[in-house]
Amino acid sequence: MSRISLKVDGVRYDDDVDPRTLLVHHLREHLGKVGTVVGCDTTNCGACTVLMGGKSVKSCTVLAAQADGQEIETVEGLAGKDGSLHPVQQAFHDSHALQCGYCTPGMIMAAVDLLAENPEPTDDEVREGLEGNLCRCTGYQNIVRAVQDAAAVMRAEVPAPRDAGTEPMEGTRGTTSPAAEEVAR
Amino acid sequence: MIPAQFEYARPSSVQEAVRALAEAGEDAKVLAGGQSLIPMLRMRLAVPSTVIDLGGVSDMRGVRDDGDALAIGAMTTYADVIRDPMVREHAPLVVQATETVADRQVRHMGTFGGALAHADPAGDMPSVALALDMMFDIEGPGGRRAVPAGEFFVDYFTSALSPDEILVSVRVPKLPGWGTHYEKFNRVAQAWAIVGVAAAVRRSGDTIEKARIALTNMGPTPVRARGVEEALAGAPATAEALASAAARADEGTAPTGDVSASSEYRSYLATVLTRRAVAAAAGIPQDG
Ligand SMILES: Cc1cc2nc3c(=O)[nH]c(=O)nc-3n(C[C@H](O)[C@H](O)[C@H](O)COP(=O)(O)OP(=O)(O)OC[C@H]3O[C@@H](n4cnc5c(N)ncnc54)[C@H](O)[C@@H]3O)c2cc1C
């Protein structure tokens, strides 16, 4: 067993894991973070995308042990404490940027990562930036539209004080259990 | 798909890593970014007894100015290579080729050293290493040695690294006065090259002085297009001279056929992509 300490959606978790445990399985099965899904399981589809140290990774291709000491943000950590959606989530909702919805958690996390590096992408840059994420319903038109709408909202927000949705990961947010928070302290 | 069980070690220095590798014996595997190894573990194509994770070896990350060369730490991620100002200035070919690799997520984890050590004939970094004549710094129980790119790639997924050695860093010559270009042909849904061409060309006025051209996925290892290089040395920098030189791109290659392309088509692609790559590297206008 390997002892690992992760901060997931703002809450610290210390666990013993079998070294072969993949990060996505640790998130889903041990921490209950089932918002992150397993799609292809072959590093192709990006459905399991989370942010590690602020950068997008495919969590089916990271060992939980490799993530020791890192901050992880999943789709469950994006919304504000009051339940207000992150601009990318809101835009996916508004533009109906999903059909079956299975790729959505990964698409949203990949889009958050892309917009952090390139706040004003062209449509081509959005497509290129999301090339690691597949939508088998092929709903790409609305996905690109949603990312552009979110980018516009986020650009307008930048000068204003940051709202709960874009706060750095601290304290307690998302759907973590009180017990987990207790452990974290 | 869950990997078979293995022991896990996370050393924090190169020396510790080399020692851990020696202690773990033949069946141990080094883990860098895991973007090739973890899929292989999951499919149980690799079943190591011990995995030695280099993620904690901070000395192996980052880029250093080494006089006539840049030393890129083996554990520097693709994403950090692309962003590095020294790499952007002195090795634009590395940046250009790295930007075509995989996708953002894979580039956040995958490392420069892992891409080379993996020695995948379809990988983009190996042919870039060959065209730029990079030097590989390797450490094992017997100490350090340096291996030039021309001797590093031995066969399909086989490099000059022995199982108890670690690739520590790679020296990339700065090549002032050379023009470079990476030309890659791939299917939209897959970033893997069907064929790729890395070209480095030095021009003197209207003449091509020297060209170094390396091909991706034209055989079991990346391969220099020696025929083209010979034909270009001293040739006029014109579209005609380039077209006849590029026609020799498949000499000495052994491309395979697969679902993406037949071997004949790969040979043809090599000539077309070589023409485009050299034209871009040497600034030769093309009319088609
Ligand atoms: C979806 C997807 C798309 C991809 N597309 C492309 C593409 O377009 N072009 C391309 O070139 N590649 C592509 N790749 C492959 C990717 O570039 C490689 O997985 C990656 O570069 C390997 O580096 P890594 O750090 O992840 O190595 P790992 O997966 O950790 O290791 C790979 C191998 O190298 C060995 N190794 C690693 N580092 C060292 C070291 N320092 N010393 C000794 N041995 C070492 C390991 O033991 C292992 O055998 C793709 C991968 C995926 C998943």
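Just so it is clear, the values below take in all heavy atoms, side chains as well, and ignore hydrogens, waters and symmetry mates. Proteins come first, then strands; the chains are lettered A, B, ... in the order of their sequence lines, and each starts at number 1.
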Given heavy-atom pairs under 4.5 angstrom as the criterion, report whether the side chain, backbone, both or neither of L31(B) touches chain A.
side chain

Could you tell me which portion of M109(B) (side chain, backbone, both or neither) has an atom closer than 4.5 angstrom to a non-hydrogen atom of chain A?
side chain

What's the separation between atom CD in E128(A) and atom OG1 in T100(B), rounded to the nearest 0.5 Å?
9.5 Å

Side chains of P39(B) and T61(A): closer than 4.5 Å at any heavy-atom pair?
yes

Contact class of A79(B) relative to chain A, heavy atoms under 4.5 angstrom:
neither

Just checking, is any N or O donor in the side chain of Q105(B) or D113(A) under 3.5 Å from an acceptor N or O on the other one?
no

Contact residues of residues 89-103 of chain A (partner chain B; heavy-atom separation under 4.5 angstrom)
none

Whether the side chain of Q66(A) engages the backbone of G55(B) through a donor-acceptor N/O pair (distance < 3.5 Å, no angle test) should be reported.
no

Going from OG1 on T49(A) to CZ on R104(B), what distance comes out if it is rounded to the nearest 0.5 angstrom?
11.0 Å

Atom group of T42(A) that falls short of 4.5 Å from chain B, counting heavy atoms
both

Please check if atom CD in Q141(A) has more than 12 non-hydrogen atoms from other residues, nucleotides or ligands closer than 6.0 Å.
no

How many angstroms lie between atom OH of Y8(B) and atom CG of D18(A), to the nearest 0.5 angstrom?
12.5 Å

Using a cut-off of under 4.5 Å for heavy-atom pairs, which of S56(A), A65(A), G129(A), G69(A) has the most such pairs with chain B?
S56(A)

Treating R42(B) as the side-chain partner and L22(A) as the backbone partner, does any N or O pair qualify as donor plus acceptor under 3.5 Å?
no

Contacting moiety of S2(A), where chain B heavy atoms sit under 4.5 Å
side chain

Under-4.0 Å salt bridge between R107(B) and E131(A):
yes

Hey, are R83(B) and E117(A) close enough for a salt bridge, meaning a charged N less than 4.0 Å from a carboxylate O?
yes

Report yes or no: does H108(B) contribute a side-chain atom to a donor-acceptor pair with the main-chain N or O of V57(A) at less than 3.5 Å?
no

Do L41(B) and R20(A) have side chains that get closer than 4.5 Å, going by heavy atoms?
no

So which part of D41(A) gets closer than 4.5 Å to some heavy atom of chain B, the side chain, the backbone, both or neither?
both

Where does V38(A) contact chain B at under 4.5 Å (heavy atoms): side chain, backbone, both or neither?
neither

Side chain / backbone / both / neither for L63(A) at chain B, heavy atoms under 4.5 Å:
both

Tell me, side chain or backbone of L114(A) under 4.5 Å from chain B's heavy atoms, or both, or neither?
both

Regarding D103(B) and K58(A), does a basic nitrogen lie under 4.0 Å from an acidic carboxylate oxygen?
yes

